There are 2 protein chains.
Amino acid sequence: MSTAEETTGGEVEPWEEVTPDAARRLLVAAVEAFAERGYHATTTRDIAGRAGMSPAALYIHYKTKEELLHRISRIGHDKALDILRTAARREGTAKERLADAVSSFVRWHAGRRTTARVVQYELDALGPEARAEIVALRRQVDAEVRGIIEEGVTAGEFDVLDVQGTTLAVLSLCIDVARWFNVDGPFTPEEVGALYADLVLRMVGAK
Amino acid sequence: MSTAEETTGGEVEPWEEVTPDAARRLLVAAVEAFAERGYHATTTRDIAGRAGMSPAALYIHYKTKEELLHRISRIGHDKALDILRTAARREGTAKERLADAVSSFVRWHAGRRTTARVVQYELDALGPEARAEIVALRRQVDAEVRGIIEEGVTAGEFDVLDVQGTTLAVLSLCIDVARWFNVDGPFTPEEVGALYADLVLRMVGAK
DNA sequence: GCCGAAGCTGAGCGAGCGCTTAGCCTGCCT
DNA sequence: AGGCAGGCTAAGCGCTCGCTCAGCTTCGGC
């Protein structure tokens, strides 16, 4: 509602907040490489090569390979949280807001699958401090979804056995889209978003 | 029904099919290390050390580090498929069989989380031939779940919009348990299994 | 037209990787 | 008692990793 996120699952064109241009090219290259092979299997030579630079150029813009992952993870979690907050705080019934949250969250995980993959599955490669920062963001993500479900239960819109467990399951379902979604597969991000919104409404017993 | 899988989510004591003893100890050590740090971040020295052996001992029982992962993945997928098949082919309504399949599949992913983590999330570290073999097993896993759902729809027990998409979502939900489940967390494997069986029955509109 | 800062490269360092090899025990067959 | 096959280790090979550094180019300010 507030921002322009109509067509696919995500932003207009991402990473525009990363400057200068060379730093952004390196970061985009790192996202692709991390998503394809995983953080530990990706070499700094590979990242620099994809960005059309020598291996040494990476260290002008980033202190370490881990800082690249940290920046990607931070920006990605901020974006994911923003998507959920936008849906959670619009006007409407809990049912409408939950459906909106799930469909837009899923569209992002499918449409920007490479980014989401890195964001959701490479957390363990971060050091303790960076990981703690990201874990705090994840708790906020959890709180947004739990909030909608609790409101739906209070309002009598939902019928849920275990709010915390159901919240976990809903988020888990959405996040795992980044693992299995295939651009060449039978579904578009929009289709998965719509299907998953329906499934989640069933899970919470929406009337 | 056929085997003894009552209490937790899995087997009596696993890896008993791996012989000799030294090979099993190395494999168990590899499962722990891969689950903790991921395949690429685990060193052969670490695996051998956990098994109380020198790095060279690993290569008496396994040709490469990748062969270790392949063996783990193969045995784990066989076990997961066996769990689903047992539930799918017992007697009862589609609703009963789906609930049984989901709860036992989830109990395995939670109770044997370290194994499940390696099995489900390190597929990409395998070479082309090994990966192809595992992907074939995954298709059989998908077929078992889709079979139950299709039978439920045909029998008028379920109300499903998209059978393939719902199958994917159900499996995705169960598999992702291996990512978030924490032994020190608020749930036991049995609780998650029961909760998830209920959620999945809601997803398929079980009457 | 000169100068210094910023961006980048070629070459390479120290470390740790997967894996190999030579040789040492141990226990079983004869 | 002797021989030998299998299980294991100490040492280390060749390689690639993350990262560094001296020096080259480019370009705006004066």
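Just so it is clear: chains get the letters A, B, ... in the order the sequence lines come, proteins before strands, and each one is counted from 1. In this text the structure is predicted, and so the values were computed from the model without any measurement.
By the 30° and 60° cut-offs, the orientation of the rings of A:Trp108 relative to A:Phe105 is parallel.
Taking atom CG of residue A:Leu68 and atom P of nucleotide D:dG18, one finds them 11 Å apart after rounding to whole Å. Going from atom CD1 of A:Ile60 over to atom C1' of C:dA6 covers 9 Å, rounded to whole Å.
For DNA chain C, no neighbouring residue in residues 22-40 of chain B is found when judged by any heavy atom under 4.0 Å.
Residue A:His61 places no side-chain N or O under 4.0 Å from the OP1 or OP2 atom of C:dA6.
Under the 3.5 Å distance criterion, with hydrogens and angles disregarded, a donor-acceptor pair is assigned to the side chains of A:Gln120 and A:His109. In this structure, a donor-acceptor pair under 3.5 Å is present between the side chains of A:His70 and A:Glu133.
Taking only side-chain atoms of A:Thr43, from C-beta outward, the nucleotide of C:dT9, D:dG18, D:dC8 with the closest atom is D:dG18.
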### Task
Go through the steps to decide whether A:Trp180 and B:Leu171 satisfy the test side chain to side chain contact (heavy atoms under 4.5 Å, CB included), and finish with yes or no.
CA-CA 10 Å; A:Trp180 62 260; B:Leu171 272 173; over 6 Å; no

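Residue contacts for A:Ser54: at a heavy-atom cut-off of 4.0 Å it reaches a base atom on one of the strands shown.
A donor-acceptor pair is defined here as one N or O able to donate and one able to accept, closer than 3.5 Å; no such pair exists between the side chain of B:Thr166 and the backbone of B:Val163.
Note: A:Met203 CE to B:Met203 CE = 5.5 Å, rounded to the nearest 0.5 Å.
Cation-pi contact between A:Lys95 and A:Phe158: absent, since separation from the ring centre below 6.0 Å together with deviation from the ring axis within 45° is not met. Taking the ring axis of B:Tyr39 as reference, the NZ or CZ atom of B:Lys65 stays within 45° of it and closer than 6.0 Å to the ring centre.
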Provide a list of protein-nucleic acid N or O atom pairs under 3.5 angstrom, restricted to nucleotides 19-23 of chain D.
from, atom 1, to, atom 2, distance (Å)
D:dC19, OP2, A:Tyr59, OH, 2.9
D:dC19, OP2, A:Lys65, N, 2.9

